[in-house]
Number of protein chains: 2
Amino acid sequence: MLEEMHAFLQREGFRVLTAVTGKEALAIARSERPDLVVLDWMLPEKSGIDVCRELRQTSNCGIIMVTARSDESDKIVGLEIGADDYLTKPFSLRELASRLRALLRRLRGPEDRPTFLERDNLIISEAKCQVCKDGREIQLTPTEFKILYTLAARPGMVFSRLQLLKAALADEYMGYERTMDSHIRNLRRKLGDDPANPRYIQTVYGFGYRFGEQS
Amino acid sequence: MLEEMHAFLQREGFRVLTAVTGKEALAIARSERPDLVVLDWMLPEKSGIDVCRELRQTSNCGIIMVTARSDESDKIVGLEIGADDYLTKPFSLRELASRLRALLRRLRGPEDRPTFLERDNLIISEAKCQVCKDGREIQLTPTEFKILYTLAARPGMVFSRLQLLKAALADEYMGYERTMDSHIRNLRRKLGDDPANPRYIQTVYGFGYRFGEQS
DNA sequence: GCGTGACTTCATATACTCTTGAAGAAGTCC
DNA sequence: GGACTTCTTCAAGAGTATATGAAGTCACGC
């Protein structure tokens with residue numbers, strides 16, 4: 001079964017390493033640092049559960065447990081102990097591959113941002129670098145766009161002026177912090193935001209700015 | 001079944017919102033931005049698959065599909081389209097809860113450091129620079145916020161006035177120590193803390209202040 | 001070159017926060 | 001209870017942060 005799985009996953013485009021015992025698995029995981037681990041519950045020398053627990057102490061990799069034990073309580077133990085998914089034999093290899101890909105997507109997750117954000121009556125499209133309000137396009141400069149996108153990606157979260165400048169321009173930006181005030185002013189004007197009571201870009205005195213959470 | 005699930009997950013500590021149609025689900029997801037979505041394949045008006053696809057365009061939330069269709073190809077479609085997990089009916093609610101928790105663990109990501117503190121009926125969010133009591137936001141000044149955060153990060157630990165001033169303002173603060181008394185007074189007033197018998201910010205005579213331990 | 005648009009800086013007005021000290025209340029110790 | 005220390009309260013002035021308009025710098029295409 002191990003060989004079958006190895007061959008199939010390799011054909012699906014994964015780079016696969018295998019181990020026969022729990023000890024071996026841990027050793028390989030430590031040296032090779034895989035993105036994903038497929039773990040059988042029943043292993044010689046060390047149970048899959050123990051391997052899972054030990055792995056979790058040093059690694060954030062995705063773990064899918066695979067086993068013949070279909071008891072509900074076993075599944076729950078596996079999941080609570082740190083596994084991301086739990087498959088009961090028999091299962092299809094294609095399903096395993098799909099679950100691995102889904103998990104991988106999640107692991108890589110936070111980086112790949114959605115291609116557009118919809119907030120209130122604004123649509124912010126990263127792919128097109130364009131912003132629409134009520135269906136009408138608003139012309140923004142590149143810097144303004146990046147600032148707005150950074151803010152709108154996490155509504156309610158407060159960003160300092162420096163954080164925003166670093167996000168919008170170079171990461172090593174070392175200029176005048178008040179520059180951000182000007183960009184914010186221009187953004188608010190273009191978005192039709194009332195500075196006294198802003199709907200989109202709100203000032204957080206002493207900290208910076210945030211994108212307003214709609215209620 | 002919807003009601004049963006709602007009740008069970010609520011008992012497990014999740015805050016649950018429900019929708020009966022796909023359209024409704026999308027509307028709620030957009031306005032409430034849930035961390036997790038449990039999605040049935042068969043929905044009136046819009047299929048779970050469509051909802052999943054649309055959700056993924058704007059949201060990075062965890063999605064578990066739940067369905068009576070146990071076809072391998074259905075599972076694979078669901079997973080490839082953006083769902084994180086796929087459960088076939090009948091399934092146990094306890095397993096669902098475990099899978100939700102596993103997914104949540106993954107969503108919250110590698111930075112295991114929580115960005116907010118929850119004390120008693122207060123929620124102190126560092127990312128949002130905002131404090132809520134009983135769900136209502138309390139407006140604090142930057143200094144007040146930093147003092148409260150410092151205290152609440154270590155309940156029961158006593159901080160001297162100077163320590164708190166250095167934490168909240170510059171580390172080289174060299175002013176009048178009694179300044180802290182004013183900030184504490186303002187904080188207690190805003191938090192609704194009775195100075196004679198404070199619940200949150202307690203005076204330690206001769207030493208300083210501490211955040212009250214609750215248990 | 002010159003004009004244009006994008007970004008930055010500056011000066012000023014305005015808004016908000018922090019600090020201060022003194023008086024009185026509360027706590028501690030003998 | 002008395003003497004002493006420490007804490008709370010208060011309001012006004014000093015101090016700091018933000019908004020805004022205008023002007024300066026820079027790169028790019030014509």
Cut-off 3.5 Å, no hydrogens considered: what does the side-chain donor-acceptor table look like for residues 130-137 of chain B, sequence neighbours left out?
{"from": "B:Lys133", "atom 1": "NZ", "to": "B:Leu191", "atom 2": "O", "distance (Å)": "2.9"}
{"from": "B:Asp134", "atom 1": "OD1", "to": "B:Asn121", "atom 2": "ND2", "distance (Å)": "2.9"}
{"from": "B:Asp134", "atom 1": "OD2", "to": "B:Asn121", "atom 2": "ND2", "distance (Å)": "3.4"}

Spacing of [X] atom [atom1] relative to [N] atom [atom2], expressed in whole Å:
{"X": "A:Phe207", "N": "D:dT16", "atom1": "CZ", "atom2": "P", "answer": "17 Å"}
{"X": "B:Asn186", "N": "C:dC18", "atom1": "CG", "atom2": "C1'", "answer": "10 Å"}
{"X": "B:Asp194", "N": "C:dA26", "atom1": "CG", "atom2": "P", "answer": "12 Å"}
{"X": "A:Leu165", "N": "C:dC7", "atom1": "CG", "atom2": "P", "answer": "11 Å"}
{"X": "B:Phe159", "N": "D:dC7", "atom1": "CZ", "atom2": "C1'", "answer": "20 Å"}
{"X": "A:Arg185", "N": "C:dA13", "atom1": "CZ", "atom2": "C1'", "answer": "14 Å"}
{"X": "A:Leu140", "N": "C:dG5", "atom1": "CG", "atom2": "P", "answer": "16 Å"}
{"X": "A:Arg161", "N": "C:dT8", "atom1": "CZ", "atom2": "P", "answer": "14 Å"}

Terminal axis angle for the helix from C:dG1-D:dC30 to C:dC30-D:dG1, five pairs an end, nearest 10 degrees
40°
Quick check: are there more than 12 heavy atoms from other residues, nucleotides or ligands sitting under 6.0 Å from CE of B:Met157?
yes
Would you find more than 12 non-hydrogen atoms of other residues, nucleotides or ligands less than 6.0 Å from B:Arg189 atom CZ?
yes
Going by an N to O cut-off under 4.0 Å, is there a salt bridge joining [X] and [Y]?
{"X": "A:Arg99", "Y": "B:Asp85", "result": "yes"}
{"X": "A:Glu12", "Y": "A:Arg101", "result": "yes"}
{"X": "B:Arg199", "Y": "B:Asp193", "result": "no"}
{"X": "A:Arg56", "Y": "A:Asp84", "result": "yes"}
{"X": "B:Arg161", "Y": "B:Asp181", "result": "yes"}
{"X": "A:Lys75", "Y": "B:Glu95", "result": "yes"}

Would you say a side-chain N or O of [X] is under 4.0 Å from OP1 or OP2 of [N]?
{"X": "B:Thr141", "N": "C:dC16", "answer": "no"}
{"X": "A:His183", "N": "C:dA6", "answer": "no"}
{"X": "B:Arg188", "N": "D:dT8", "answer": "yes"}

A:Ile184 vs B:Gly208, nearer the 5' end of DNA chain D by closest nucleotide
B:Gly208
Residue met sooner reading DNA chain D from 5', once B:Tyr205 and B:Tyr209 are mapped to nucleotides
B:Tyr205
List in numerical order all residues of residues 168-182 of chain A for which some heavy atom is under 4.0 Å away from an atom belonging to DNA chain D.
A:Arg178, A:Asp181
